[in-house]
A.B. asks: 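This is the structure I want to talk about, given as structure tokens.
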Amino acid sequence: MKPSKLNQVTDFDIKLLKIFKTVCDCHSFSSAESILGISRSAISLHMSDLENRLGIRLCQRGRAGFALTNEGREVLEYIEVLTASIEDFKSKINQMHNHLKGEFNIGIINNLVTMPSGYITNTLGQLAEENAEVVINISMSTLSDIECRVLDNRLHAGAIPQVTPLSGLDYYHLYNENSFLYCGQNHPLFEQLSDIHLKDLKKWNAVQPNYAMTSKAVKLHQLLNCTATASDREGIAFLILTGKYLGFLPDHYAKKWVSEGIMRSIFQENLQYSTPICLITRKGKNTNSILKAFIHMLDQRVSDA
């Protein structure tokens, strides 16, 4: 495709970029039809217009399906930054009024919803109840992705485990999450623990997370024979429930299976660790009124607990 210089960005360009992002989110033209309210052929024409406007091939489409080019993936990242900048502009303009209006984007690590102290859930509910014109957008993602998105303003805030603090972020402690070692009901240790010692744990297979952990969590996993990995807690739970693996899980997340009698914790006194869960925001003076309101509500809730 012939390179071309983009001299200005028009309203129509922004419309085309939003259509492109929707198609990417849906992973196909056909899935994006109902969301955009236009036909596949119209979407295809818009994509061609955008590619011609940018002078870049954004995606492959045809019988093989929809796939982004390397340039398309890079443009998609720029669109997210552009969208965040527009929302930030809207939020600052809305500060001129006496009510909150705009979008609040928050990233949350997976499986926090089962925490007994629902600070985040209840604060989001209060924010929505008191401000009808605030649109809440939640992204469930990994620790590193949430950190990156808060740092470049694509997210206003994030709720993550505090493992290695970054200098560009402020951390607001919410609560500690306690994790224990579990086995499934078909595992030999489920019924017999009396003659088992910590040094014997290497006899059984275990699962290790391939995401960042605290130093104590790393040391405890070194006591195990980790022959499998999992990208998140749900993956760890899957392997524990097979009855073939030991694994660490937060107690609030494992509670359902424990109460059903299909999972149990072992060596609770020795094999446990605590992870601080924090709300993160970008360091520096924050002028976003919605984020300020959210933090104020959250602070009151945590203080009253």
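Note that these values count all heavy atoms, side chains included, but never hydrogens, waters or copies made by symmetry. Please read these numbers as outputs of a predicted model, since none were measured by experiment.
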A.B. asks: Just checking, any donor-acceptor pair under 3.5 angstrom between side chains of Asp88 and Ser85?
C.D. replies: no

A.B. asks: For side-chain contact (heavy atoms from CB on, under 4.5 Å), just list the numbers for Leu181 and Leu201, CA-CA rounded to whole Å, side-chain angles, deciding distance to a tenth of an Å, and then say yes or no.
C.D. replies: CA-CA 11 Å; Leu181 185 65; Leu201 287 178; 4.2 Å; yes

A.B. asks: Quick one, Thr142 and Asn110 - any side-chain contact, counting heavy atoms below 4.5 Å?
C.D. replies: no

A.B. asks: Do Asn205 and Lys244 pass the side-chain contact (heavy atoms from CB on, under 4.5 Å) test, and can you show the C-alpha distance, the side-chain angles, and the key distance before you say yes or no?
C.D. replies: CA-CA 7 Å; Asn205 292 329; Lys244 305 298 181 182; 5.9 Å; no

A.B. asks: Tell me whether the rings of Phe104 and His156 are parallel (<30°), tilted (30 to 60°) or perpendicular (>60°).
C.D. replies: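 Parallel, since the angle between the ring planes stays under 30°.
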
A.B. asks: Just checking His27 against Phe66, ring centres under 6.0 Å apart?
C.D. replies: no

A.B. asks: Hydrophobic clusters here meaning ILVMFWY residues chained together by side-chain heavy-atom distances under 4.5 Å, can you tell me if Leu241 and Leu249 are in one?
C.D. replies: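 Linked within one cluster.
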
A.B. asks: Donor-acceptor pair, Glu33 side chain versus Arg40 backbone, under 3.5 Å?
C.D. replies: yes

A.B. asks: Are any non-hydrogen side-chain atoms of Val302 and Tyr175 less than 4.5 angstrom apart?
C.D. replies: no

A.B. asks: Quick check on salt bridge (Lys or Arg N to Asp or Glu O under 4.0 Å): which of Glu80, Glu87, Glu103 does Arg154 satisfy it with?
C.D. replies: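 The residue from Glu80, Glu87, Glu103 that satisfies salt bridge (Lys or Arg N to Asp or Glu O under 4.0 Å) with Arg154 turns out to be Glu80.
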
A.B. asks: Between Glu51 and Arg57, is the salt bridge (Lys or Arg N to Asp or Glu O under 4.0 Å) condition met? List the steps.
C.D. replies: CA-CA 6 Å; Glu51 288 177 330; Arg57 184 71 171 176; 3.5 Å; yes

A.B. asks: Between Ile120 and Leu174, does the side-chain contact (heavy atoms from CB on, under 4.5 Å) criterion hold? Intermediate values first, please.
C.D. replies: CA-CA 9 Å; Ile120 298 172; Leu174 297 176; 3.9 Å; yes

A.B. asks: Is it true that Arg53 and Asp13 have a side-chain N and a carboxylate O under 4.0 angstrom from each other?
C.D. replies: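 A salt bridge is present here (some side-chain N lies under 4.0 Å from a carboxylate O).
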
A.B. asks: Would you say the rings of Phe248 and Tyr273 are close, in the sense that their centroids are separated by under 6.0 Å?
C.D. replies: yes

A.B. asks: Is there a path of hydrophobic side-chain contacts, each under 4.5 Å between heavy atoms of I/L/V/M/F/W/Y residues, joining Tyr211 to Ile108?
C.D. replies: no

A.B. asks: Check whether Asn122 reaches the backbone of Tyr119 with its side chain - one donor and one acceptor, N or O, closer than 3.5 Å.
C.D. replies: no

A.B. asks: Are Val135 and Ile35 in one and the same hydrophobic cluster, where Ile, Leu, Val, Met, Phe, Trp and Tyr link if side-chain heavy atoms are under 4.5 Å apart?
C.D. replies: no

A.B. asks: Could you work out, with side-chain hydrogen bond (donor to acceptor under 3.5 Å, both in side chains) as the rule, every residue matching Asp251, not counting sequence neighbours?
C.D. replies: none

A.B. asks: Between Asn131 (side chain) and Val134 (backbone), is there a donor-acceptor pair under 3.5 Å?
C.D. replies: no

A.B. asks: Can you tell me if Ser139 and Ser141 form a side-chain donor-acceptor pair at under 3.5 Å?
C.D. replies: no

A.B. asks: Of Met115, Gln162, Glu177, which meets side-chain contact (heavy atoms from CB on, under 4.5 Å) against Ile277?
C.D. replies: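 So, applying the side-chain contact (heavy atoms from CB on, under 4.5 Å) to Ile277 and each of Met115, Gln162, Glu177, only Glu177 qualifies.
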
A.B. asks: Side chain of Asp299, backbone of His296: donor and acceptor closer than 3.5 Å?
C.D. replies: no

A.B. asks: List the atom of Gln60, the atom of Thr69, and the distance in Å for their closest heavy-atom pair.
C.D. replies: NE2-CG2, 3.6 Å

A.B. asks: Closer than 3.5 angstrom, by distance alone: can the side chain of His197 be matched with the main-chain N or O of Lys199 as a donor-acceptor pair?
C.D. replies: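 No, the answer is negative, given that no donor and acceptor are paired below the 3.5 Å cut-off.
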
A.B. asks: Side chains of Arg264 and Gln185: do they bring a donor and an acceptor to under 3.5 Å?
C.D. replies: no

A.B. asks: Report the hydrophobic cluster partners of Val113, with the cluster defined as I, L, V, M, F, W, Y residues connected by side-chain heavy atoms closer than 4.5 angstrom, directly or transitively.
C.D. replies: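 Under the 4.5 Å side-chain rule, Val113 groups with nothing.
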
A.B. asks: Does the side chain of Ser265 pick up a donor-acceptor pair with the side chain of Gln268 at under 3.5 Å?
C.D. replies: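 Result is yes, a qualifying pair exists.
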
A.B. asks: If we ignore hydrogens and angles and just use 3.5 Å, is the side chain of Tyr171 paired with the main-chain N or O of Leu166 as donor and acceptor?
C.D. replies: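 The answer is yes, because a donor-acceptor pair under 3.5 Å joins these two groups.
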
A.B. asks: Is it the case that one hydrophobic cluster holds both Val81 and Leu151, taking links as side-chain heavy atoms less than 4.5 Å apart, direct or via other members?
C.D. replies: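 No, Val81 and Leu151 fall in different hydrophobic clusters.
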
A.B. asks: Is there a donor-acceptor contact under 3.5 Å linking the side chains of Ser41 and Ser44?
C.D. replies: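 Judged by distance alone, the side chains do not pair up.
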
A.B. asks: Can you list the steps and then say if Tyr172 with Ile280 is a side-chain contact (heavy atoms from CB on, under 4.5 Å)?
C.D. replies: CA-CA 6 Å; Tyr172 180 88; Ile280 60 170; over 6 Å; no

A.B. asks: Following the transitive rule for hydrophobic clusters with a side-chain heavy-atom cut-off under 4.5 Å over Ile, Leu, Val, Met, Phe, Trp and Tyr, establish whether Leu143 and Met213 coincide in one cluster.
C.D. replies: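 In one cluster: no.
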
A.B. asks: Do Asn70 and Arg73 touch side chain to side chain, with heavy atoms closer than 4.5 Å?
C.D. replies: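 They are in contact (side-chain heavy atoms under 4.5 Å apart), so the answer is yes.
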
A.B. asks: Are any side-chain N or O atoms of Thr242 and backbone N or O atoms of Leu239, one a donor and one an acceptor, separated by less than 3.5 Å?
C.D. replies: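 Side chain of Thr242 to backbone of Leu239: a pair is present.
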
